[in-house]
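Take a look at the structure below.
Nothing fancy with the numbering, it's 1 onward along the sequence.
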Amino acid sequence: MVINEDPGRGSSAAQTVKIMSLQQLRDESDFDQLPHNVAVTATIADIEEKKGFIDYYRFVIEVKTKGGSKYFIYRRYREFFTLHQTLESKYSPEESDRQGQNTCPLPPLPGKVFLGNKREIAEGRIPELNTYMKRLLGLPAWFLLDDTLRMFFYQTDQDSQQQPRALRRLRPQTRKVKTIKPKMDLFSSPRAEVMFDFRGNGKEELNLKKGEVIFLLQRVNADWLEGTVNNQTGIFPQSFVKIIKPLPDSNTEGEGEGHTYSCLRCFLLTPSGVDTRDVCVEEELTTQPTYKDLLFHMRNVFKVNDIALNYRDMEGDLIRVVDDEDIQLMIKESRGQESKIKRPVNQFPWELYVTLASDFSVYNTEL
């Protein structure tokens with residue numbers, strides 16, 4: 001409701017602006033009245049694979065504001081889906097059942113895809129999501145002030161700390177990207193000797209054998225390095241090697257792709273023996289994964305489907321994990337034992353013991 005006051009009366013005019021409704025903003029305002037930090041265009045510059053406890057692709061989006069600022073944000077499809085559901089519940093004519101509520105027809109969002117190659121699915125969504133964002137940000141000015149919409153396109157601290165990689169869709173078509181193969185000089189190149197066997201998980205990690213010499217390329221973070229051995233390039237934990245010639249001082253901590261790698265030690269217990277793995281994931285040590293994601297990840301690591309997850313309690317007995325509450329208990333108990341067990345600083349304080357789902361002989365139980 002608008003209070004009709006004399007424009008010359010400052011206090012009354014200020015009150016009028018303060019209580020102006022969204023409906024009036026739509027009817028009486030235009031683009032010029034929007035704040036400078038409101039997003040007005042957004043374009044997907046690339047996709048990046050995130051390798052955590054569950055692998056997924058996220059979209060690297062270049063956002064431009066009304067004030068001319070540009071920045072990058074990183075969003076998954078599920079975040080687009082949540083945004084769309086929230087906006088529909090607030091503004092869709094079909095969902096609105098409150099009298100006087102602002103409504104606005106929303107552009108369609110590309111639907112969920114449950115089968116297929118994840119990368120191909122993400123690539124295929126790019127033109128549809130670009131169209132979706134263009135139409136969404138082209139809606140009336142009052143709509144652009146919605147808090148949910150503004151937070152979606154807002155650059156968070158986590159977004160600002162990321163380092164975009166290729167940004168393929170922002171490059172001119174004539175630009176050529178050269179791949180420079182590192183020159184390995186046995187006497188002058190930074191290198192290290194492998195002190196312990198290390199079995200990598202995934203293409204980004206190296207397999208190392210004790211006694212091998214690995215040529216160092218760069219530091220990923222405080223505990224992981226990138227190097228080349230046996231014509232293979234990848235990352236590995238520094239705690240598994242002895243530095244012979246260090247990297248130059250210019251390769252400071254935190255360089256690389258802006259990722260944080262952490263190591264999870266896990267064991268597959270079978271009647272034939274124990275298979276030990278050190279699994280690298282792009283997760284913080286404080287991350288608490290879900291039971292579903294851990295189960296999916298361990299199936300991929302050990303290539304066995306019918307498995308159960310376990311941890312060792314304070315007495316050393318195996319405890320089976322069946323839900324997220326058990327994951328919380330596992331992490332809580334492991335943190336209570338941190339002072340008793342020495343681990344590399346980049347290794348999770350908890351360990352996973354994977355068993356066959358039908359094998360109950362590993363438990364200290366009496367029937």
Side-chain angles (χ1 to χ4, degrees), residues 46-53 55 58 60 72 74 158 160-168 171 175-266 276-287 301 338 341-349 351:
D46 208 344
I47 58 172
E48 290 186 358
E49 185 176 16
K50 173 76 172 178
K51 288 186 172 293
F53 291 110
D55 299 346
R58 59 185 183 178
V60 185
F72 290 105
Y74 300 76
Q158 186 175 5
S160 63
Q161 292 168 6
Q162 303 296 316
Q163 297 181 16
R165 300 180 191 175
L167 300 182
R168 294 168 294 154
R171 291 179 173 176
R175 178 176 176 181
K176 294 182 179 180
V177 181
K178 296 181 179 179
T179 301
I180 302 175
K181 193 173 182 179
K183 181 180 179 181
M184 294 303 165
D185 185 336
L186 183 62
F187 299 101
S188 62
S189 294
R191 58 196 183 278
E193 179 185 357
V194 180
M195 305 304 293
F196 308 97
D197 291 350
F198 174 76
R199 179 177 292 183
N201 178 57
K203 295 180 180 179
E204 76 278 5
E205 298 177 36
L206 289 175
N207 292 321
L208 305 179
K209 291 185 178 180
K210 183 178 179 180
E212 290 181 329
V213 173
I214 182 168
F215 292 94
L216 308 178
L217 299 178
Q218 67 176 347
R219 177 173 293 282
V220 178
N221 62 19
D223 305 293
W224 285 77
L225 299 169
E226 183 182 33
T228 298
V229 64
N230 297 326
N231 295 319
Q232 298 293 321
T233 298
I235 64 173
F236 59 93
Q238 182 173 330
S239 57
F240 280 70
V241 303
K242 176 183 178 181
I243 303 297
I244 300 173
K245 182 178 176 62
L247 287 160
D249 291 339
S250 58
N251 286 351
T252 57
E253 178 181 328
E255 284 191 355
E257 297 296 334
H259 300 305
T260 298
Y261 291 93
S262 300
C263 182
L264 171 63
R265 175 150 292 183
C266 49
T276 304
R277 300 285 183 93
D278 286 296
V279 180
C280 174
V281 292
E282 291 181 30
E283 302 283 3
E284 301 283 351
L285 289 177
T286 56
T287 300
V301 169
E338 283 186 274
I341 304 174
K342 292 185 177 180
R343 292 189 175 93
V345 293
N346 66 307
Q347 184 172 314
F348 287 98
E351 298 175 338

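- Annotation: side-chain contact (heavy atoms from CB on, under 4.5 Å) contacts of Asp197 (sequence neighbours excluded): Lys209, Lys210.
- In this view, Glu226 satisfies the salt bridge (charged side-chain N to carboxylate O under 4.0 Å, His left out) rule with no residue, not counting sequence neighbours.
- The shortest side-chain heavy-atom distance between Trp224 and Cys263 falls under the 4.5 Å cut-off.
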>> Could you go through Thr233 and Leu217, starting from their C-alpha distance and side-chain angles, then the distance that decides it, and tell me whether this counts as side chain to side chain contact (heavy atoms under 4.5 Å, CB included)?
In response: CA-CA 9 Å; Thr233 298; Leu217 299 178; 3.6 Å; yes
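- Contact detail for Arg219 and Leu247: the closest heavy-atom pair is N-CD1, 3.6 Å.
- With contacts defined as side-chain heavy-atom distances shorter than 4.5 Å, the pair Leu208/Val241 qualifies.
- In this pair, Phe240 and Phe196 present their aromatic rings perpendicular. The plane angle is above 60°, beyond the 30 to 60° band.
- The structure places CD of Gln218 at 10.5 Å from CG of Leu216, a figure rounded to the nearest 0.5 Å.
- For the pair Arg58 and Glu48, the salt-bridge criterion is met [side-chain N within less than 4.0 Å of a carboxylate O].
- Looking at Arg277, its side chain does come within 3.5 Å of a backbone N or O of Val301 through a donor-acceptor pair.
- A ring-centre distance under 6.0 Å is not found for Phe198 and Phe236.
- By the 4.5 Å heavy-atom criterion applied to side chains, Thr228 and Ile214 are not counted as neighbours.
- In this structure, Gln232 and Leu206 have side chains that are in contact, with non-hydrogen atoms separated by less than 4.5 Å.
- Contact record, Pro190 with Pro246: CB-O, 3.6 Å, taken as the closest heavy-atom pair.
- When all heavy atoms of Phe348 and Glu284 are compared, the pair lying nearest together is CE2-O, 3.4 Å.
- In this structure the side chain of Ile235 never reaches within 4.5 angstrom of the side chain of Leu225, judged on heavy atoms.
- Nearest heavy-atom pair, Arg265 versus Gln347, reported as atom, atom and distance to 0.1 Å: CB-NE2, 3.9 Å.
- Partners of Glu212 under the side chain to side chain donor-acceptor pair (under 3.5 Å) rule, at least two apart in sequence or in another chain, are Asn230.
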